[in-house]
Amino acid sequence: MEKLAILGGTPVRTKPISYGRQYIDNADIQAVVDTLRSDYLTVGPKTKELEEKLCKITGAKYCVAVSNGTAALHIAAIAAGIGPGDEVITTPITFAASANCVLYVGAKPVFADINPETYNIDPASIRACITDKTKAIVAVDFTGQATELDEIRSICKEHNLVLIEDAAHSIGTKYNGVPVGNIADMTTFSFHPVKTVTAGEGGAVTTNDEELYKKLVLAHTHGITRDIAQMKNPTDDPWYNEQVGFGYNYRITEFQAALLMSQLDKLDMFSKRRKEIVKTYDEAFADVPQIQVQKEIPESDTTRHLYILRLHLEMLNCTRREFFDALRAEGISSQVHYLPVYWHSYYEGLGYPKGLCPEAEKYYQESMSLPLFYSMTDEDVADVIFAVKKIIVYYAK
Ligand SMILES: *Cc1c(COP(=O)(O)O)cnc(C)c1O
C-alpha cells in the first residue's frame, strides 16, 4: 500500500491543482480592451448584445443582464412581488444567496429537504412545506443538473406559485431538450469566475413574461424609466426620466458584457470538456463501494459546474475532514458545497433549528467537490482519481 502524503509519503502532485479555475483566452482579453477603447463603459451596445445572445442561447424571449448572480436573484424576487408575510421554499444545499434574496424583500425562506441521490430539492418535501403563505419557489440546479422541473412546475401551477430557477450552476444544461433559462417563470444566472462562463462578476435573469421583464428592468436600474408609457407624469422634456418604482443600481459594465460574450462563444467547448471529465470520474468511481456517484435524472442533459465526491463514511476509517486534508496533502484542492444554508450562524439566529432537513445535513457531512474546470488535462484528471483511490484504499475498513 502506498504511503499517504499526509503521513510522509510522496504526494501525487507536486504542483497542486485547484478545484476550479476560469479559462481566459486572447479573444476574451481583446474583447475587453476593445470595449475599454470604445465610447461606452456602461449602459451601451455590448450589454444589449449580451442580453440578445443570452436569449438566443436559452431560447428565452427576454433577458436583463446585471452586476452579479445575487443581484439577479434579488430583482427576480422583486419582480415576483414577494414581500413581508410571504414564504418562499428553497433548498439548503446551495450558496446562501438563493435564500438571502428572500430576506432582501422581507419574506421568509423555508427549507425543503434534498433528494439523497440527485442532491437537488425534493419535490415531495416542497409539497410538505407549502402553506397558504407560500408565494414562490427558488429551485436551484445544484452542480449544474436541472432540478425536477416538470414536477416543480406542476406544484407551482396547483398552488399558484412563482418559479424562480437559480441556474448559477447550470448554463448550458438542457431539461427535456429545452435549455435552462426557458422553463421557469424567471431563471437567474451567475458569471462569477468559478462558474462555467465568467464576466469577472456578472449575472442575468431570463423570462418569457413581458410584465416580469418590465419589472426586472426597473428594479435593476433605480426604478427609473425613460419609457413614457410607464410614466405617471409624462412630459415631453427631452431630459425627463421618472422613478416609477423601487430599484437598485445592478447594472453590468460594458467590458464585463464584452468578456462574457466572448466566453459564451466557448460555452459548447467548455460544456463538452466538463462532460468528458465528469464521465471519466463517474466511470472511475462506479466500482468503488465507499463512493456514492451523483445520480443524473434522464431529463437533464447536464453541463456540470461541480463534481461532488460523496463518501460512505461508515465504510472508511476516517472523517470527512481527514479525507479532505489527505487529498490536499496529495496536491488536490477541494471545497465543500455547501454548508446547509440554515446552519450559518446568521440563519441560526433567525431561529432555524438543526435537524430541519436530515438528508441535506447528512449530504453535507459526507461530501466535498473535486477539481472540475475546462483546462484540466487528462493527466490532471487521472491524478485526482489516483489520489482519491489511494486515500480510499488506505482508510477502507
Ligand atoms: C454563485 C451562486 C450565486 C450567486 O452568484 P454571484 O454572481 O456570486 O452573486 C447564487 N446561487 C448559486 C447557487 C451560486 O452558486
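Both ligands and their constituent atoms are indexed starting at 1 by order of listing.
Heavy-atom neighbours of Asp25 CG from other residues, nucleotides or ligands within 6.0 Å: above the threshold of 12.
Close approach to Gly69 involves these atoms of ligand 1, each under 4.0 Å from a residue heavy atom: 5 (O), 6 (P), 7 (O), 9 (O). Each of the following atoms of ligand 1 lies closer than 4.0 Å to a heavy atom of Tyr338: 15 (O).
Annotation: Thr94 places no N or O atom under 3.5 Å from an N or O atom of ligand 1; distance criterion only. For ligand 1, the polar-atom distance check finds an N/O of Asp166 within less than 3.5 Å of one of the ligand's N/O atoms. Residue Ala97 places no N or O, backbone or side chain, under 3.5 Å from any N or O of ligand 1. When only interatomic distances are considered, the shortest N/O to N/O separation between His192 and ligand 1 does not fall below 3.5 Å.
At least one test fails for Arg273 against the ring of Phe373: distance under 6.0 Å to the centre or angle within 45° of the axis.
Taking all atoms of both residues into account, the shortest heavy-atom contact from Thr173 to Ala146 is CG2-N, 4.0 Å.
In this structure, His337 has no heavy atom closer than 4.0 Å to ligand 1. Residue contact annotation: Ser98 has a non-hydrogen atom under 4.0 Å from ligand 1. The shortest separation from a heavy atom of Phe189 to ligand 1 is not under 4.0 Å, leaving the residue out of contact.
Here the two rings, on His337 and Tyr19, have centers that are under 6.0 Å apart. Taking the six-membered ring where the residue is Trp, the centroids of Tyr338 and Tyr364 are separated by 6.0 Å or more.
Looking at Arg304 and Asp141, no side-chain N of the basic residue comes within less than 4.0 Å of a carboxylate O on the acidic one, giving no salt bridge. Taking the charged nitrogens against the carboxylate oxygens, Lys389 and Glu2 have no contact shorter than 4.0 Å, which rules out a salt bridge.
The side chain to side chain donor-acceptor pair (under 3.5 Å) analysis of residues 207-216, with sequence neighbours excluded, yields the pairs Asn182-Asn208.
Of the protein's non-hydrogen atoms, the one nearest atom 5 (O) of ligand 1 is Ser190 OG, 3.2 Å. Shortest contact from atom 1 (C) of ligand 1 to any protein heavy atom: Lys195 NZ, 1.6 Å. The protein heavy atom nearest to atom 15 (O) of ligand 1 is His169 NE2, 2.8 Å.
Distances from atom 4 (C) of ligand 1 to the heavy atoms of Thr90, Thr70, Leu306, Asn68 show the closest one on Thr70.
Side chain of Gln256 to backbone of Thr253: a donor-acceptor contact under 3.5 angstrom is found.
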